[in-house]
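Okay, structure first, notes after.
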Amino acid sequence: MNQNPYIKDWLRSIESMNEEELIKVIEDDSRNEEFTKLARERLAFLRSDNAPKEVWEEKAESTERQIRKKEQSNEIKKEVDNSAENTLSFFAVVTLVVGIIAGIVLLVLASDSSKSEVPLLVFYSVVVIISALVTWATLKVFVNISKTLKEINYRLSRK
């Protein structure tokens with residue numbers, strides 16, 4: 001094939017053709033066998049996903065993927081019952097708020113107490129705030145795990 005003197009001209013002409021023209025060349029079969037082979041390879045390349053795309057085509061595909069993903073996400077949210085997770089998430093936030101308020105109240109009490117009780121009350125307030133944060137974080141992790149497992153189960157049941 002490399003010995004053919006027309007190979008460079010053929011490549012240029014084949015690269016300038018669109019799909020319809022390539023199909024006509026292949027169906028016509030009046031050309032050289034090497035030229036037809038090159039046309040078939042070019043057509044296969046154009047039909048594959050490796051073909052160069054215009055910028056607007058890439059943006060349209062990514063937008064379409066995003067829309068499909070959002071629709072699927074909304075469908076899953078409608079179909080999957082997350083009431084238990086929402087309740088647990090509410091209790092997590094309540095625990096956090098009550099723990100921070102209790103820690104602040106203990107700090108205020110420490111400012112009015114005697115010198116011997118101040119370190120103990122400050123320690124208790126820090127422990128209450130930290131335990132509220134840890135409880136809140138743990139509950140949020142459980143909620144997220146549960147929601148994710150329900151979504152996975154829903155997707156698997158649809159297949």
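Note that the coordinates shown come from a computational prediction; the quantities given were computed from them, not determined experimentally.
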| query | Sub-3.5 Å donor-acceptor pair from the side chain of Ser146 to the main-chain atoms of Phe142, do we have one? | reply | no

| task | Please report the shortest heavy-atom distance between Val118 and Ser113, naming the atom on each side. | result | CG2-OG, 3.7 Å

| said: With a 4.5 Å cut-off on side-chain heavy-atom distances among I, L, V, M, F, W and Y, is there a chain of contacts connecting Trp136 to Val97? | reply: yes

| note | Distance col, row Thr95:OG1 vs Lys140:NZ, nearest 0.5 angstrom, shows 12.0 Å

| Check: Thr87 side chain, Ser83 main-chain N or O, donor-acceptor pair, under 3.5 Å | yes

| Side-chain touch Thr148/Ile152, heavy atoms, less than 4.5 angstrom | yes

| said: Counting C-beta onward and ignoring hydrogens, is there a side-chain heavy-atom pair between Val128 and Leu106 closer than 4.5 Å? | reply: yes

| field | Inter-residue atom distance Ser125.OG - Leu120.CG, 0.5 Å rounding | value | 10.0 Å

| query | Nearest 0.5 Å, what's the CD1-CG distance between Ile101 and Leu96? | reply | 9.5 Å

| request: To the nearest 0.5 angstrom, please state how far the CG atom of Leu149 sits from the CD atom of Glu151. | output: 9.5 Å

| Mind checking whether Val98 and Phe91 sit in one hydrophobic cluster, side chains of I, L, V, M, F, W, Y counted as touching below 4.5 Å? | yes

| task | Write down the atom of Ile129, the atom of Gly103, and the distance for their closest heavy-atom approach. | result | CG1-CA, 3.8 Å

| About how many Å separate CG of Asp81 and OH of Tyr154, when rounded to the nearest 0.5 Å? | 13.0 Å

| message | Strictly distance-based, threshold 3.5 Å: is any side-chain N or O of Asn86 a donor or acceptor partner for the main-chain N or O of Asn82? | response | yes

| Polar side-chain atom of Ser111 near backbone of Val108 as donor-acceptor pair, under 3.5 Å | yes

| remark: Tightest non-hydrogen contact, residues Ser13 and Ser16, listed as O-OG, 2.7 Å

| Which atom of Val122 lies closest to which atom of Ala110, heavy atoms considered | CG2-CB, 4.1 Å

| request: With the side chain counted from C-beta on, respond yes when Lys24 and Met17 share a heavy-atom pair under 4.5 Å apart, and no when they do not. | output: no

| request: Give a yes or no answer on whether the side chain of Glu41 reaches the backbone of Leu38 with a donor-acceptor pair at less than 3.5 Å. | output: no

| message | Applying the side-chain contact (heavy atoms from CB on, under 4.5 Å) criterion to Phe123, which one of Val126, Leu121, Val127 satisfies it? | response | Val127

| remark: Interatomic distance, CG@Leu139 vs CD@Glu85, rounded to 0.5 Å, equals 12.5 Å

